[in-house]
Amino acid sequence: MITSLCRFRLAGVALAAAVLGGVSTAAPAARAAEPMAVIAFSGYDALMEDIDFIGGLTGQMQASQQAEMMIGMFTQNKGLEGLDKTQPIGVVLQSNNGMPEPLICIPVTDSDALLEVAKQFGVTAEDMGDGIMQIQSPGMPLFGKPVGGWLLLSIAPTAFDGAPADLGGMLTELTDEYDLAAKVMVQNIPPAWRQQAIEMISQAADQSMTRLPEESDADYEARKVQLQQGLDEMKQAVDELDKLTIGLSIDGENAKVGFDVVMTAIPDSKLAKEMSKNNDATTNFAGFFEPDAAMMMTLSAAAAENDLAQLDQQLATLRKQAYSGIDDEGKISDSGKEQLKSAVDDLLDAVEATLRAVAVVAME
């Protein structure tokens with residue numbers, strides 16, 4: 001597998017993944033239960049530590065004690081009895097026989113004790129046999145099943161049959177590194193759903209291509225070309241992306257907050273080859289990095305060939321817009337306008353030459 005933390009076309013990948021998560025459930029061909037996505041946060045104890053860290057930034061020390069007092073008030077001083085506060089909590093979205101089945105995973109030391117606490121909020125549980133409970137709540141009815149050190153909840157009892165054997169390992173794979181994270185296994189999403197996602201994106205793009213007032217034919221055509229390039233990138237992400245992980249980490253001890261986007265492509269795919277160019281990405285601008293800054297972002301990535309094609313389109317459009325703005329300015333003389341246009345040319349030519357030089361080095 002080839003992994004990259006960043007890529008110029010990250011927005012297209014993220015949009016494709018987001019749409020894949022919300023496509024219709026029209027049933028494709030039947031298949032065995034496979035996790036399509038996992039969402040996990042590091043659990044109760046870790047949450048309390050994060051609350052203390054965030055509270056300390058605002059001058060509210062030991063904010064977790066206030067949070068626990070509020071929980072005690074709502075649970076008649078029972079707290080969250082029965083919850084294993086050291087383990088992560090998560091949701092696994094499975095594909096089982098062509099239908100999506102979310103599985104909520106709650107770590108427990110005593111599931112009966114936790115359900116007893118839940119009664120304070122109008123939740124009741126009825127034994128249905130085979131270890132399965134029907135849980136009624138003020139929201140929607142659920143089904144529950146204690147399995148090992150977990151209380152599993154789902155909208156359908158069939159979800160328990162295909163539950164991953166190592167739930168703890170699946171969740172801690174994320175929470176060992178992040179406080180809150182989501183991982184999408186794109187290739188586990190049924191092909192029919194992925195195709196539907198592409199069609200949804202294309203339809204939305206077509207609807208957004210309304211011609212703007214006073215937009216010239218050339219500008220309109222350039223905008224359509226850029227849109228098609230973006231659609232092609234999204235389709236490539238849907239077809240060739242293997243896994244996408246988005247994670248948030250809070251390090252109270254070192255007063256740092258991190259946000260990662262990690263993508264893994266199918267081996268030997270075009271996307272994998274493009275991403276591999278970033279394995280040894282470097283920067284000549286590391287001197288601008290300020291370790292003591294409140295917030296910073298540093299991006300170093302190699303440009304792919306189609307990135308350069310987009311660069312040509314974008315710079316051409318920007319140049320035309322700059323020329324148009326200069327021509328419309330009535331307070332500048334003709335000679336002044338020519339000087340401004342020459343300055344715009346120098347600036348954009350320098351930007352293009354710099355980016356192309358970086359791209360050529362990355363591709364060698």
Side-chain angles (χ1 to χ4, degrees), residues 1-5 13-14 17-18 20-23 25 31-47 49-50 80 82-111 114 131-133 135 142-190 193-194 241-250 258-267:
M1 298 294 181
I2 299 176
T3 302
S4 173
L5 289 179
V13 174
L20 281 170
V23 294
T25 59
R31 56 188 290 155
E34 294 177 337
M36 297 187 294
V38 180
I39 302 173
F41 86 88
S42 49
Y44 182 91
D45 285 347
L47 177 62
E49 291 178 4
D50 293 341
L80 296 179
L83 176 69
D84 187 342
K85 299 179 180 180
T86 66
Q87 296 297 315
I89 299 173
V91 178
V92 177
L93 181 62
Q94 303 174 137
S95 171
N96 192 4
N97 293 324
M99 296 298 293
E101 289 184 335
L103 192 65
I104 302 171
C105 311
I106 301 176
V108 291
T109 57
D110 187 336
S111 58
L114 185 60
I132 297 176
M133 298 174 287
I135 299 175
L142 295 171
F143 295 89
K145 183 176 183 179
V147 177
W150 301 90
L151 175 60
L152 306 182
L153 303 174
S154 186
I155 57 176
T158 53
F160 306 134
D161 297 333
D166 185 14
L167 281 173
M170 183 175 291
L171 299 179
T172 55
E173 179 184 357
L174 294 175
T175 57
D176 281 348
E177 190 166 357
Y178 304 107
D179 288 78
L180 177 65
K183 181 177 182 180
V184 180
M185 283 69 82
V186 178
Q187 297 306 311
N188 285 354
I189 299 173
W193 296 1
R194 283 185 271 145
L241 197 64
D242 184 47
K243 296 181 179 66
L244 171 67
T245 301
I246 301 175
L248 174 69
S249 59
I250 300 175
F259 181 78
D260 286 346
V261 178
V262 182
M263 295 174 287
T264 306
I266 296 174

For [X] and [Y], which heavy atoms make the closest approach, and how far apart are they?
X	Y	answer
Leu244	Leu241	CB-CD2, 4.0 Å
Glu177	Ser249	O-CB, 3.7 Å
Val92	Pro35	CG1-CB, 4.0 Å
Pro157	Ile132	CB-CD1, 4.2 Å
Met185	Val38	CE-CG2, 3.8 Å
Pro88	Trp150	O-CZ3, 3.4 Å

Practice task
Mind checking side chain to side chain contact (heavy atoms under 4.5 Å, CB included) for Ser154 and listing every partner two or more places apart, or none if nothing turns up?
Solution key: Leu103, Ala159, Phe160

Problem - Results of side chain to side chain contact (heavy atoms under 4.5 Å, CB included) for Asp45 - residues two or more places apart only - result: Lys85, Thr86

Within this structure, what is the [atom1]-[atom2] distance for the pair [X] and [Y], rounded to the nearest 0.5 Å?
X	Y	atom1	atom2	answer
Asp179	Phe41	CG	CZ	10.0 Å
Thr245	Asp260	OG1	CG	9.5 Å
Leu152	Cys105	CG	SG	5.5 Å
Ile104	Leu93	CD1	CG	11.5 Å
Met263	Lys243	CE	NZ	14.5 Å
Leu142	Ile155	CG	CD1	8.5 Å

Handout entry: Verdict with supporting geometry, Arg194 and Val186, side chain to side chain contact (heavy atoms under 4.5 Å, CB included)
Key = CA-CA 9 Å; Arg194 283 185 271 145; Val186 178; 4.2 Å; yes

Problem - Any Asp84 side-chain heavy atom under 4.5 Å of Tyr44 side chain - result: no

Practice task
State, yes or no, whether a side-chain contact exists between Ile89 and Pro107 at a heavy-atom distance under 4.5 Å.
Solution key: yes

Practice task
Please identify each residue that fulfils salt bridge (Lys or Arg N to Asp or Glu O under 4.0 Å) with Lys145, with sequence neighbours left out.
Solution key: none

